[in-house]
2 protein chains.
Amino acid sequence: MGKQNLARTVGTKGMPRKEREQLILDAAAEEFARKGYARGSTAEVAARAGITKPLIYEYFKSRDGLYLACVIRAGSRLVAAVRSAQEGPSDITRAARTLEAIFRALESRVHDWALVYDSTLPAEGELHDAATVYRRELNRLGAAGVAEVLGAARAGEALDADLATHLWYGTVSAAVAWWRHHPEQSAEDMISRFARLSAVLHPR
Amino acid sequence: MGKQNLARTVGTKGMPRKEREQLILDAAAEEFARKGYARGSTAEVAARAGITKPLIYEYFKSRDGLYLACVIRAGSRLVAAVRSAQEGPSDITRAARTLEAIFRALESRVHDWALVYDSTLPAEGELHDAATVYRRELNRLGAAGVAEVLGAARAGEALDADLATHLWYGTVSAAVAWWRHHPEQSAEDMISRFARLSAVLHPR
DNA sequence: TAGGTAAGTTACCCCGCGGTCACTTTGACA
DNA sequence: TGTCAAAGTGACCGCGGGGTAACTTACCTA
């Protein structure tokens, strides 16, 4: 008795491991989102988290390991949100629902998007693979909505659909980037802005 | 006589200065566009250009000076192309003309776009200022086209117009990024793809 | 309260890259 | 063909950042 959770607390200096882990991840997400994968530094992350560099390596093995954890957390959250927005009618409204889900998921976590879509990630390797998994899945889900907007306009070649999907996420990325410069906007604000614009562009 | 252009040719080892300058700029543009400002290295640029590092510093003073020259060349070309596309009727066709001008200007120079819109540029300083000048000008020109598409839909707030302009360039950037992955496409191909897509999205 | 173990830190190594200096090579002209 | 200035290079420095070894500190148990 009194021994079963010994290993959990022994040596705990100041903070339980899980909690500190999230703290580091928060700091890293902010740092990497601000400066990008290429320019973000582990020392800076440590400073933000109020600890020192070696502790980060104790927790995450390497700089890439740290970024990987960030991407996984951000990516899986996003995918879950977008996935749950797929329920409902399979018509033009799906694209709007998807978009709204993205904005709501990013509320007060705007930088998560930048982690998954960081353009300075290496072109190969574990990190690239992980990011690609989330991008591909978000792409797949987004493509469904895009396809329904394009509707029966089957005329286009296969590449047109591919391009359209890229444009979709390019546009969303631009919107998110704009949002980061206007942090006073709520998710609902963004949603209604987008609704207004798309009404002008696509009057049905 | 025979002395007036002495200073031009004396010591010319292998190649006149202007020519080598363009050669270095080509190599740098490719390197920086591939890896981004943050990760591009001067040694690699030198290798691509078939010379050594100190010569780059002889020609361009510093790494930032080199990038600056790249941005100026790329940015001024783009601005000139887009500007000349503004002549013509002030109606919905302007946005299309602007877009076409961009694609044509980028034919066989796709990476020029990435140089001006590189997201890893420092947030302040001479380099940032220069890039901002071109971005702002392209933005201003693009905004005119966007405004005419939005038309009399004055209903939106002022911020909506700002957002719309950002979305415009986000979308163009996405298209250019897609183009870089499909280099076999010609500018005309891209233009007609875009025409098809926008016809579906915005049937008038 | 003694001691053992995990948590956390200090001080260091190493490498890549921006940047430079002293030296060598080239070619136009007398 | 010898000379001299410009063109070009090899070898080096300093610094910043990833990564690690060895020490110190805090907490839990007996």
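Here the structure is a predicted model, which is why all the values come from computation and not from measurement. Naming convention: chains lettered A, B, ... in sequence-line order (proteins, then strands); numbering from 1 in each chain.
Between Y57(B) and the phosphate of dG8(D), there is no side-chain N or O to OP1/OP2 separation shorter than 4.0 Å. For R20(A), a side-chain nitrogen or oxygen approaches OP1 or OP2 of dG8(C) to under 4.0 Å. Of the side-chain N and O atoms in S41(B), none sit less than 4.0 angstrom from OP1 or OP2 of dC17(C). In this model, the phosphate group of dG18(D) is approached by a side-chain N or O of T42(A) to a distance below 4.0 Å at OP1 or OP2.
R136(B) and T132(B) form no side-chain donor-acceptor contact under 3.5 Å, judged by distance and modelled atom types alone.
Nearest-nucleotide positions on DNA chain C for E58(A) and P54(A) put E58(A) closer to the 5' end.
Taking the six-membered ring where tryptophan is involved, the planes of F103(B) and F194(B) are tilted, since the angle between them lies from 30° to 60°.
Rounded to whole Å, the distance from CD1 on I56(A) to P on dT20(D) is 14 Å. In this structure, CD of E44(A) is placed 13 Å from C1' of dG16(D), rounded to the nearest angstrom. Protein atom CG of L55(A) is 15 Å distant from nucleotide atom P of dG19(D), rounded to whole Å. Taking atom OH of residue Y59(A) and atom C1' of nucleotide dG18(D), one finds them 20 Å apart after rounding to whole Å. Here the C1' atom of nucleotide dG17(D) and the CZ atom of F32(A) are 12 Å apart, to the nearest Å. Atom CG of D64(A) is separated from atom P of dG17(D) by 16 Å (rounded to the nearest Å). For L127(B) and dG18(C), the CG to P distance is 13 Å, given to the nearest whole Å. Between the C1' atom of dT25(C) and the CD1 atom of I51(B) lies a distance of 16 Å, rounded to the nearest Å.
No N or O donor and acceptor, one from the side chain of K53(A) and one from the base of dG17(D), sit under 3.5 Å apart.
Pairing each heavy atom of G36(B) with each of T120(B), the nearest pair is C-OG1, 4.2 Å.
Ionic pairing of D26(A) and R73(A) is present here: one or more N-O contacts between side-chain nitrogen and carboxylate oxygen are shorter than 4.0 angstrom.
When heavy atoms are screened at a 4.0 angstrom cut-off, G40(A) is found touching the sugar-phosphate backbone but no base atom.
The distance from atom CD of E31(B) to atom CZ of R34(B), rounded to the nearest 0.5 Å, is 7.5 Å.
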